[in-house]
Amino acid sequence: MPARGVRETGLLPERFMPPAGFLEALGRGRSARTGAASSAPSSGAPPVLLDVLTTDDLLDLALSFCTEDAVRAAYASCRAFRAAAVPHLRRLLSIALVGPTPQNLQASMLGVFLKRAALINGFASYTRAGDDGIMLWHAGRCWFVGDAAKLGQERGWVRVCDGSLRPEASTVTWQVWDGTTWVDAPELRCLAGRPSTSR
């Protein structure tokens with residue numbers, strides 16, 4: 001039996017507007033299934049075949065087009081959306097600070113960090129998964145990882161300084177504090193989303 005559209009299932013709130021590109025993708029799929037001409041311009045993307053997609057597939061597809069705020073709204077809207085929204089929230093709200101540091105300096109400060117609702121100094125802030133005593137925040141031109149008690153200050157144990165709006169967008173080398181000075185940690189990386197092994 002062909003899967004029904006997301007709105008037809010009654011799972012999608014009327015106030016929820018499909019994200020840009022989603023209806024076009026479904027339109028290409030409907031045209032491919034029915035043979036009807038589509039008014040949507042072709043982008044060269046493979047069609048989405050509605051007769052082989054389940055409701056869960058459709059929800060996942062819709063949420064993959066959404067912004068963080070839209071995914072949060074979907075999660076809060078109804079129980080049926082929650083399971084579908086969780087992996088997208090993990091992708092949008094998690095970052096991972098991973099990799100070796102010189103002489104293992106500040107290795108205990110690394111790990112997966114979860115985005116908080118509260119802004120610090122006008123920027124996003126994060127708490128380490130499983131340990132809210134370690135946080136990541138922006139101050140000055142740097143992102144710092146440090147003790148929660150120092151939140152918002154220009155100090156910490158790990159940092160990157162290039163004025164980037166998001167820590168995972170930084171293009172310069174991360175540094176670790178050795179007790180006297182900042183030491184480059186060229187193999188340290190900040191990645192968007194949880195590592196796949198932790199999902």
Side-chain angles (χ1 to χ4, degrees), residues 19 56-57 59-77 79 81-179 182-199:
D56 287 344
D57 292 331
L59 288 174
D60 186 65
L61 177 61
L63 290 169
S64 71
F65 281 81
C66 289
T67 64
E68 176 187 327
D69 287 342
V71 175
R72 283 182 183 271
Y75 181 86
S77 65
R79 183 176 300 170
F81 258 46
R82 289 179 184 168
V86 164
H88 295 280
L89 284 172
R90 286 178 176 168
R91 171 178 58 83
L92 291 167
L93 305 182
S94 301
I95 57 174
L97 194 55
V98 297
T101 61
Q103 294 153 9
N104 218 31
L105 287 168
Q106 311 304 343
S108 63
M109 296 287 115
L110 310 182
V112 173
F113 290 79
L114 307 176
K115 190 175 183 180
R116 303 164 67 236
L119 298 179
I120 300 298
N121 299 325
F123 290 81
S125 61
Y126 302 79
T127 185
R128 193 167 69 176
D131 182 3
D132 57 9
I134 304 297
M135 299 186 70
L136 188 153
W137 64 87
H138 190 277
R141 287 181 49 80
C142 303
W143 288 96
F144 290 92
V145 176
D147 300 328
K150 308 297 184 186
L151 180 64
Q153 300 181 32
E154 292 188 53
R155 57 192 305 181
W157 304 107
V158 182
R159 75 174 187 182
V160 67
C161 298
D162 67 349
S164 60
L165 298 179
R166 304 184 315 278
E168 71 273 21
S170 178
T171 58
V172 301
T173 301
W174 284 78
Q175 298 177 312
V176 293
W177 182 251
D178 71 354
W182 289 102
V183 177
D184 285 350
E187 296 183 72
L188 195 56
R189 297 286 183 272
C190 187
L191 309 174
R194 287 177 182 263
S196 58
T197 55
S198 68
R199 289 185 180 179

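In what follows, every heavy atom counts, from backbone to side chain, and hydrogens, waters and symmetry copies are set aside. Values in this document were obtained by computation on a predicted structure and should not be read as measured data.
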Close side-chain approach of [X] to [Y], heavy-atom, < 4.5 Å:
X      : Y      : result
Pro167 : Leu136 : yes
Val176 : Pro102 : yes
Thr101 : Trp174 : no
Val145 : Trp137 : no
Val158 : Leu188 : yes
Met135 : Tyr126 : no
Leu165 : Phe123 : yes
Thr127 : Phe113 : no

Determine the minimum heavy-atom distance between [X] and [Y], stating which atoms define it.
X      : Y      : value
Cys190 : Leu97  : CB-CD1, 3.9 Å
Gly99  : Leu110 : O-CD1, 3.4 Å
Arg189 : Pro186 : NH1-O, 2.6 Å
Ile95  : Ala192 : CG2-CA, 4.3 Å

- Sidechain-backbone polar pair: Asn121 side chain, Gly140 backbone, donor-acceptor under 3.5 Å: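 It does not hold such a pair.
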
- Item | Check: Gln106 side chain, Trp177 main-chain N or O, donor-acceptor pair, under 3.5 Å |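 Yes.
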
- Query: Any side-chain donor-acceptor pair under 3.5 Å between Thr173 and Asp184?
  - Reply: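 No, no side-chain donor-acceptor contact under 3.5 Å.
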
- Query: Are Ser125 and Arg116 close enough that a side-chain donor and a side-chain acceptor fall under 3.5 Å?
  - Reply: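 The criterion, which ignores hydrogens and geometry beyond distance, is satisfied for Arg116 and Ser125.
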
- Item | Residue list, salt bridge (Lys or Arg N to Asp or Glu O under 4.0 Å) with Arg166, at least two apart or on another chain |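 With sequence neighbours excluded, Arg166 shows a salt bridge (Lys or Arg N to Asp or Glu O under 4.0 Å) to Glu168, given in chain and number order.
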
- SB check Arg128 Asp131 (cutoff 4.0 Å):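 Yes.
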
Rounded distance (nearest 0.5 Å) linking atom [atom1] of [X] with atom [atom2] of [Y]:
X      : Y      : atom1 : atom2 : result
Ile134 : Ser108 : CD1   : OG    : 6.5 Å
Glu154 : His138 : CD    : NE2   : 9.0 Å
Asp147 : Trp157 : CG    : CH2   : 6.5 Å
Ser164 : Trp143 : OG    : CH2   : 7.0 Å

